[in-house]
Structure formats: structure tokens, C-alpha cells
Amino acid sequence: MNASSTLDALQAAAGTGSAEDAFRLALALVDAQRMDEAQRWHLRAAEAGHPPAQIEYARMRLYGMAGPVAPETAAQWLQRAEQAGHPAASELLTNIALGGAALPRDARINERLHRAVQADFQPALLAAAIHFGRKPQAEDQALCMQLLQRAAARGNAVAAVLLAERLAHGEGCEADADAAADLWTQLEANGASRLPDFTLPPPGEPGPPRQLALEDALRPPQAQTVSAMPRVAVIDRFFSADECRLFIASAQPHLHASQTADPVTGVPYTLPVRTSSEASFDPVMENSALRMAQLRMTHAAGFDLPNAEQLTVLRYAPGQQYRPHRDYLPAATLQMDRPHAGNRARTTIVYLNAVEAGGATEFPVPGLRVEPMPGRAVVFDNLFADGRPDPDSLHAGTPVERGEKWLATLWIRQRRYRHW
């Protein structure tokens, strides 16, 4: 039976009024890229009380797959699916609430993530594992390992990568090189790539052990101001080893050559000024673990998550660099990309691995050089206090001499950029 005949058969079955048949038709229409029709059939099944259809209809509204983005509408349908006991709904509601725009950022975030963890929902297990992995207590570290094992056993490749690295380095457990090697053999057979080799002690986040409290990410970090004009601050041990590895493992399958916006037209293109590779995270690619780490990055800069552009993870191989440049956007680029959000007020970058040699971030005007260290964050201003671009914010990523450099970047606008 060809694709057209299959759709005809599903259409005939769905016409009888069965919510399950309507849901199956909607999924087939998504595969056929007929999004408007798919959304209508998802809605029909959702209105009939079908929780998976409620989730898929919510996802289409949340990500704007067939029409404008509508996070409030998505949240309403997800709440209905959550009431029916569906863990995917709880995790997606956690993601929305972390933004604090369409849902309040309150204690229900912890409750929802805990509910999804109890149901062994993979993304929730990963997020909870990373949360406990930031804490220094032995029981929290053991809980992190247990959660990673549960997520990996249910097919979460990123959790398996984090677990393999912890086993290799003896983080939260006795080192077990054989178990780590076996796990990496399975991962590589399924297309995963090795991670840079480094280790990092937990940041030492306070709080009672074994307590799931995602609001820990909102605590102001201890920052050291290393330049007053332009303002540049450094925060060591900002990310845990798990968070660094999360960003690298999530980005690896999506890397492509970095591009630069033309200062006149705003059109992105490849230029020798920037020779790295990168991956940008569309909202569809995000999960609660990635959003928690980004929330931490924006709060370190004194802003909220909805002000941030999409997360970008960059990889610099030996000899690659980012020549002196400024992060604020030219007028043409701003007009093409949500001008209501204003310009890039601040930038937060986090180094994700140990670089063998080279790869420092330089600020020529104040004569400042920041060396890359895993987990270290750098926060700097791109604009003056009155909103004018600050030309002294000129900075560069110096060439990597040996090894490779991984870096996470969030460009943070003056006003709200994200829908949620």
C-alpha cells in the first residue's frame, strides 16, 4: 500500500469518530508534512479526551508548527493531559514554566518534574540527575548516578554518555573503566561521538540532600568583575561536569560551519573571521535539563530566560578562532530578527571542556585575557547603560593551538525575545 492509499484508509477510519483513529491519522499527516490538516485532527482527538493527542496538539501550538506560537493554549491542553496522568505533559509544562512567561515559575515546577521522574520519563530523569549532580553530598551524587542509569536504561543516549563519563572518572561512584568502555562501545555503535576528557568537582550547590528544588538555579552566583569598562565578570565552577557534557553531547549531532551576519544586509554567511562549527538549539530540541542550564546562564547576566536568543554551542578545532568582533547587532540584522526585543545587551559564555593550549577570550581595549576552564562562565556587556552599542566590547576567541574548545553562548536581548 502506498502513502496515499494509507492516508485514505486512515481518513476513512477516522471519519467514524474514534479518537484513536483520528490521532493515528494526525501522526500520518505530520509525516506527510500536511501540518494544517494534522493539527485539525489532533485537535479533534484531543477534544475527545485522547491524552497523547492533547500533548501533540499542544506541541504544535507551542512550537508554531501550523500557525503562530501559542504557549498559553499549549499549556491548557498539557494540563488536561497531565490530569490524565501523562508524564510527557508534566515535563513539557515544566519547560514552559521555567521560562516564567506563559506559566508562573513556582513550586509546581518541582512537583511536575518529580511526577515525571516517578513515571520514568527519560527527559525528566536526565534533568533531575543533573540537578542532584551539582550537589556535593555523597547521597546526592549517588542519586544522580541512579537517575542516569534509569534514563540510560530507557534509551536516553545523552544520559548514557554522562553515565559513561562518570564511570570513567569515578564521579559519584568508584571508577569503573571496564563498564565505561562497554557503555562507550554501545554508544559509538549507535553513532555517538566521544567527549573531550576532563573532570570537574560539583559546584557545591547548597540545600538539603535528596531535595528536588529547581529554583536553586535562580540563586545569584559568586562573580568576579575583571573589567569595569566594558563590564566583564567571570564565574568559576558555574557549570558542573554533567552540564558541560550535556551541552556537548546534545550539540554534536547538529554541528555545521559557523556563520556571521553581513553588517549591511543582515544575511548570514560563512567568513574567515569565524572558523568554528556550531549548533543552535531550536525550541523543539530543548528539554528541561537544557532549559535549566540556560536559565542559570541568563540569571547570571541579570536577565530572564525569555530575553535570550537560542542557545548556541560552538566547537573550535586546532587553528580555528573567532577574530575580533562585537556581539551587538547591526540595524539590518535587528530588523530581520525580532526588533521589538532590542539589541544584545549582554552575552554569557561558558567554557565546556579543558583546552590543551590556546583558545582564550581576549578583550583588547581593557587588555583582558580570560583563559578557558571547564565550567567557567564569562558575562560581559555589549551596550552602554543607555542602550547605545559599546565599541569597547570588542573581543576575540584566540586560535586553539592544541586540542579543541567547546563553548556555550547565550546572547541576551534588552527585552523579551522568546515566546516562552
Side-chain angles (χ1 to χ4, degrees), residues 99-100 217-239 258 260-261 263 266 273-274 276 278 280 293-314 321-335 337-352 359-373 375-398 405 407-418:
L218 306 180
R219 291 197 179 100
Q222 293 294 319
Q224 176 189 6
T225 299
V226 291
S227 170
M229 296 180 67
R231 180 184 174 275
V232 182
V234 173
I235 311 166
D236 284 334
R237 295 175 63 188
F238 180 70
F239 267 12
S258 296
T260 302
V273 69
R274 190 179 186 196
S276 58
E278 67 178 53
S280 294
Q294 291 175 76
L295 180 61
R296 195 185 311 281
M297 292 173 73
T298 53
H299 272 252
F303 284 84
D304 209 353
L305 182 56
N307 285 58
E309 295 181 21
Q310 294 176 358
L311 169 70
T312 300
V313 173
L314 301 105
Q321 63 181 309
Y322 198 167
R323 297 184 188 277
H325 64 283
R326 300 171 179 90
D327 282 356
Y328 55 78
L329 297 171
T333 303
L334 278 177
Q335 289 306 310
D337 187 18
R338 305 183 194 181
H340 64 273
N343 216 319
R344 292 171 171 172
R346 292 200 175 112
T347 298
T348 299
I349 65 174
V350 185
Y351 304 111
L352 303 177
T361 302
E362 286 188 343
F363 294 84
V365 175
L368 174 66
R369 181 184 179 95
V370 182
E371 297 294 337
M373 292 178 58
R376 168 179 280 179
V378 182
V379 182
F380 56 92
D381 288 353
N382 302 307
L383 310 176
F384 289 116
D386 61 5
R388 290 179 297 119
D390 181 0
D392 290 352
S393 64
L394 182 76
H395 59 285
T398 62
K405 180 176 78 171
L407 184 75
T409 297
L410 271 185
W411 293 292
I412 304 168
R413 296 290 191 94
Q414 294 169 285
R415 294 176 291 278
R416 180 172 164 181
Y417 179 87
R418 301 188 183 194

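It should be emphasised that the depicted structure is a prediction, and the values quoted were computed from it without experimental measurement.
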Please round to the nearest 0.5 Å and tell me the distance separating atom [atom1] of [X] and atom [atom2] of [Y].
X      : Y      : atom1 : atom2 : result
Arg344 : Leu329 : CZ    : CG    : 4.0 Å
Glu362 : Arg323 : CD    : CZ    : 12.5 Å
Tyr417 : Asp337 : OH    : CG    : 3.5 Å
Gln321 : Lys405 : CD    : NZ    : 10.0 Å
Thr298 : Leu311 : OG1   : CG    : 11.0 Å
Arg346 : Gln414 : CZ    : CD    : 10.5 Å

Hey, is the main chain of [Y] close enough, under 3.5 Å, to the side chain of [X] for a donor-acceptor pair?
X      : Y      : value
His325 : His395 : yes
Asp304 : Pro306 : no
Asp236 : Arg376 : no
Arg416 : Arg418 : yes
Arg326 : Asn382 : no

State, to 0.1 Å, how close [X] and [Y] come at their nearest heavy-atom pair, and which atoms those are.
X      : Y      : result
Tyr351 : Val370 : OH-O, 3.6 Å
Asp381 : Pro230 : O-CB, 4.3 Å
Leu314 : Ser258 : CD2-OG, 4.0 Å
Gly359 : Pro372 : O-CG, 3.7 Å
Ser227 : Leu368 : CB-CD2, 4.1 Å
Met297 : Leu410 : CB-CD1, 3.7 Å

| message | What I want to check is whether the side chains of Tyr328 and Asp390 have a donor and an acceptor closer together than 3.5 Å. | response | no
| task | Test Leu334 against Arg413 for side-chain contact (heavy atoms from CB on, under 4.5 Å), laying out the working first. | result | CA-CA 11 Å; Leu334 278 177; Arg413 296 290 191 94; 3.9 Å; yes
| said: Using the rule given for salt bridge (Lys or Arg N to Asp or Glu O under 4.0 Å), can you reason through Glu309 versus Arg338, listing the C-alpha separation, both sets of side-chain angles and the distance that settles it, and then say yes or no? | reply: CA-CA 10 Å; Glu309 295 181 21; Arg338 305 183 194 181; over 6 Å; no
| Any residue meeting salt bridge (charged side-chain N to carboxylate O under 4.0 Å, His left out) with Asp392, in chain and number order, not counting sequence neighbours | none
| salt bridge (charged side-chain N to carboxylate O under 4.0 Å, His left out) against Asp327, all qualifying residues, sequence neighbours excluded | none
| Is there side-chain contact between Leu383 and Asn343, with heavy atoms separated by less than 4.5 Å? | yes
| Qualifying residues under side-chain contact (heavy atoms from CB on, under 4.5 Å), relative to Gln310, sequence neighbours excluded | Ser280, Asp282, Pro283
| task | Give the C-alpha distance, both sets of side-chain angles, the deciding distance and a yes or no for side-chain contact (heavy atoms from CB on, under 4.5 Å) between Thr348 and Phe303. | result | CA-CA 11 Å; Thr348 299; Phe303 284 84; over 6 Å; no
